[in-house]
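Notes for the one structure printed next.
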Amino acid sequence: MRIDVVSIFPEYLAALDLSLIGKARRDGVLDIHIHDLREATTDRHRTVDDTPYGGGAGMVMKPEPWAQALSAVLADAPAPRPMLVVPSPAGAVFDQAMAYELAELDHLVFACGRYEGIDERAIDWAREEFDVRPVSLGDYVLNGGEVAVLAMVEAVGRLIPGVVGNPASLVEESHADGLLEYPVYTKPSSWRGRDIPEVLLSGNHARIAQWRRLEQLRRTAERRPDLLARLDTGALSDAEREVLRAGGSAPDGKGN
């Protein structure tokens, strides 16, 4: 997958050289390019913003630098209609399902807005060459799109084959099946007076799988009950229904 990010703070994206994403970048699994929007300006002050028409506080990013920068991306990596992701509090909320959807694409381009946002004409112009998708991390406002891009590139990039060492770990994560992940433990089995659930020492994989499923339901009911609206309750077992009826109260890890 090729990923291009356009920002006035390219150094903000240095974190993409770290951890699994950085390794995948060095190994050529992810082809990531960071672009400085100011390189697409023509005046000596490298101006990328101006006052908003109609008045109001703040500044708006000018359309021409964006058109120039995005045209340069297309010229460098000609491909049929890459996806242009525009981080914006007015966009659709990013979730795991969207991460999987974006991970299926060959080329993602991220436009990191700043100030009061990007002149809407630049977004409209981009639709001629890109599939444009405004995306939000949640119902809050950030200073710019860079933080959102770091989160989205990591969420999408780790789904690309070869980025995560053990692909099976992706299947058991939070949101992979619409529920939060079950709690995890490691050695020692007893730590500072706290023991791990007995079922995890049983060696009975069926019991462990059942316990983990119940813990997923319990944790989701406690922390993110909104996610349960998507659940097919008709397919639940009696034990799973009981956890939901109890409002997420924890199983003891000793049952069958």
Side-chain angles (χ1 to χ4, degrees), residues 1-17 21-22 24-50 59-88 90-92 94 98-137 144-163:
M1 169 182 277
R2 171 157 176 152
I3 297 174
D4 288 88
V5 185
V6 183
S7 167
I8 62 170
F9 296 118
E11 60 274 19
Y12 211 124
L13 287 305
L16 296 178
D17 282 329
I21 299 298
R25 188 178 183 183
R26 291 187 293 275
D27 291 345
V29 178
L30 294 176
D31 184 19
I32 301 177
H33 300 259
I34 311 300
H35 309 272
D36 186 349
L37 180 66
R38 294 192 189 276
E39 295 294 331
T41 59
T42 57
D43 67 304
R44 65 175 182 165
H45 299 295
R46 307 175 83 201
T47 306
V48 296
D49 62 313
D50 208 334
M59 304 289 279
V60 175
M61 302 193 88
K62 296 161 66 70
E64 187 58 24
W66 278 106
Q68 294 293 337
L70 294 175
S71 293
V73 169
L74 289 174
D76 185 51
R81 297 190 69 80
M83 174 71 73
L84 177 63
V85 179
V86 184
S88 166
F94 183 77
M98 189 185 296
Y100 274 105
E101 182 181 344
L102 296 180
E104 294 294 321
L105 303 178
D106 294 325
H107 190 186
L108 293 176
V109 182
F110 292 89
C112 298
R114 280 269 160 177
Y115 317 122
E116 298 303 309
I118 301 171
D119 188 308
E120 193 66 23
R121 293 170 296 178
I123 307 302
D124 291 339
W125 168 86
R127 289 190 171 91
E128 297 176 6
E129 301 290 345
F130 296 86
D131 292 324
V132 177
R133 192 160 191 176
V135 177
S136 171
L137 280 192
E146 289 79 10
V147 169
V149 168
L150 288 174
M152 286 189 279
V153 169
E154 179 148 325
V156 172
R158 65 196 309 277
L159 300 177
I160 304 300
V163 174

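Note that the coordinates shown come from a computational prediction; the quantities given were computed from them, not determined experimentally.
- Listed by chain and number, the residues in a side-chain contact (heavy atoms from CB on, under 4.5 Å) with Leu105 are Met83, Leu102, Leu108 (sequence neighbours excluded).
- For the side-chain contact (heavy atoms from CB on, under 4.5 Å) with Phe110, the qualifying choice from Ile3, Asp4, Val6 is Ile3, the only one to do so.
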Evaluation steps, side-chain contact (heavy atoms from CB on, under 4.5 Å), between Met1 and Val156: CA-CA 10 Å; Met1 169 182 277; Val156 172; 4.2 Å; yes

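- Considering only residues two or more places apart in sequence or on other chains, Asp131 meets the side chain to side chain donor-acceptor pair (under 3.5 Å) condition with Arg81.
- Cys112 approaches Val149 most closely through the heavy-atom pair SG-CG2, 3.6 Å.
- We find the CG-CD1 distance between Leu16 and Ile21 to be 7.5 Å, quoted to the nearest 0.5 Å.
- In terms of the side-chain contact (heavy atoms from CB on, under 4.5 Å) criterion, residue partners of Val29 (sequence neighbours excluded) are, by chain and number, Ala24, Asp27, Ile160, Val163.
- For Glu116, the CD atom counts as densely surrounded, since its 6.0 Å shell holds more than 12 non-hydrogen atoms of other residues, nucleotides or ligands.
- Taking the salt bridge (Lys or Arg N to Asp or Glu O under 4.0 Å) definition, one finds that Asp36 meets it with Arg46, sequence neighbours left out.
- Residues satisfying the salt bridge (Lys or Arg N to Asp or Glu O under 4.0 Å) test with Asp124, not counting sequence neighbours, are Arg127.
- Judged as a side chain to side chain donor-acceptor pair (under 3.5 Å), and not counting sequence neighbours, the contacts of Arg121 are Asp119.
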Which pairs of donor and acceptor atoms, one on a side chain in residues 65-73, lie under 3.5 Å apart (sequence neighbours left out)?
unit_1, atom_1, unit_2, atom_2, d
Gln68, NE2, Glu64, OE2, 2.6
Ser71, OG, Ala67, O, 2.8

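- Listed by chain and residue number, Asp43 satisfy the side chain to side chain donor-acceptor pair (under 3.5 Å) test with Thr47 (two or more places apart in sequence, or in another chain).
- Within the structure, the salt bridge (charged side-chain N to carboxylate O under 4.0 Å, His left out) test picks out the following pairs touching residues 65-78 (sequence neighbours left out): Arg2-Asp76.
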